[in-house]
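Data block below; observations after.
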Amino acid sequence: MSAQYYDEAEVLDLCIHAGSVMLANGAETYRVEDTLYRIAASYGLTYINVFVVPTAIILTVQGEKRQDYTELLRTTSGSTNLQKVTAVNDLSREISASPLPLEIVKQKTDRHRKAYTRIHEMAADG
């Protein structure tokens, strides 16, 4: 039985998306690194290098054809919401057990991002 193929760029985008939710909600950088590594490995990417600091995420992976892919995201500080951090971390563990369709994972992480964005925008509006 052949392994499922996932588009490397889509997996990379998903990882960065999940990491940005975690970082914006106060996750420790090592937890973000571990979560992104876990997600990327679950979708078959190899030679995974994750570097996270409070203001940036850098992720480099190698795809099925040994092509390297890198993405960098500059972040701004957010608030602390450890429920969101835990939710994304738990999702990465669920993916490790059995990879979910990428669109489903993106929808689940979007729920946490949108809630943050609405609150952030309301605060900015005064």
In the structure I gave you, are the side-chain heavy atoms of [X] and [Y] within less than 4.5 Å of one another anywhere?
X: Thr29; Y: Pro54; result: yes
X: Asn49; Y: Phe51; result: no
X: Leu59; Y: Ile16; result: yes

Subject >> Glu28: side chain to side chain contact (heavy atoms under 4.5 Å, CB included) partners, not counting sequence neighbours >> reply: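 Residues passing side chain to side chain contact (heavy atoms under 4.5 Å, CB included) with Glu28: Tyr30, Arg31.
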Closest non-hydrogen atom pair, [X] against [Y]:
X: Ile48; Y: Ala41; value: CD1-N, 3.4 Å
X: Ala40; Y: Val11; value: CA-CG1, 4.2 Å
X: Val32; Y: Gly19; value: CG1-CA, 3.9 Å

Subject >> Partners meeting side-chain hydrogen bond (donor to acceptor under 3.5 Å, both in side chains) with Glu8 (sequence neighbours left out) >> reply: Tyr5
Subject >> Any residue meeting side-chain hydrogen bond (donor to acceptor under 3.5 Å, both in side chains) with Asp68, in chain and number order, not counting sequence neighbours >> reply: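 Testing Asp68 for side-chain hydrogen bond (donor to acceptor under 3.5 Å, both in side chains), a comparison that skips the adjacent residues, returns Gln62.
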Look up atom [atom1] in [X] and atom [atom2] in [Y], then write down how far apart they are to the nearest 0.5 Å.
X: Leu14; Y: Leu36; atom1: CG; atom2: CG; result: 9.0 Å
X: Glu94; Y: Ile39; atom1: CD; atom2: CD1; result: 11.0 Å
X: Asn25; Y: Thr80; atom1: CG; atom2: OG1; result: 8.0 Å
X: Met22; Y: Thr109; atom1: CE; atom2: OG1; result: 11.5 Å
X: Leu72; Y: Ile57; atom1: CG; atom2: CD1; result: 9.0 Å

Subject >> Pairwise side chain to side chain donor-acceptor pair (under 3.5 Å) hits with a residue in residues 34-48, at least two apart >> reply: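 For residues 34-48, and leaving out neighbouring residues, the side chain to side chain donor-acceptor pair (under 3.5 Å) pairs sorted by first residue read Asp34-Arg38, Thr35-Asn89, Ser42-Ser96.
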Cluster overlap [X] with [Y], hydrophobic side-chain contacts below 4.5 Å:
X: Leu73; Y: Val105; answer: yes
X: Leu82; Y: Leu91; answer: yes
X: Tyr69; Y: Leu45; answer: yes

Original post:
Under the salt bridge (Lys or Arg N to Asp or Glu O under 4.0 Å) rule, what pairs show up with a residue in residues 96-106, not counting sequence neighbours?
Top reply: Lys106-Asp110
Subject >> Pairs satisfying salt bridge (Lys or Arg N to Asp or Glu O under 4.0 Å), at least one member in residues 69-81, at least two apart >> reply: none
**OP:** Show the numbers, then the answer: is there a side-chain contact (heavy atoms from CB on, under 4.5 Å) between Leu12 and Val61?
**Re:** CA-CA 8 Å; Leu12 197 64; Val61 298; 4.0 Å; yes
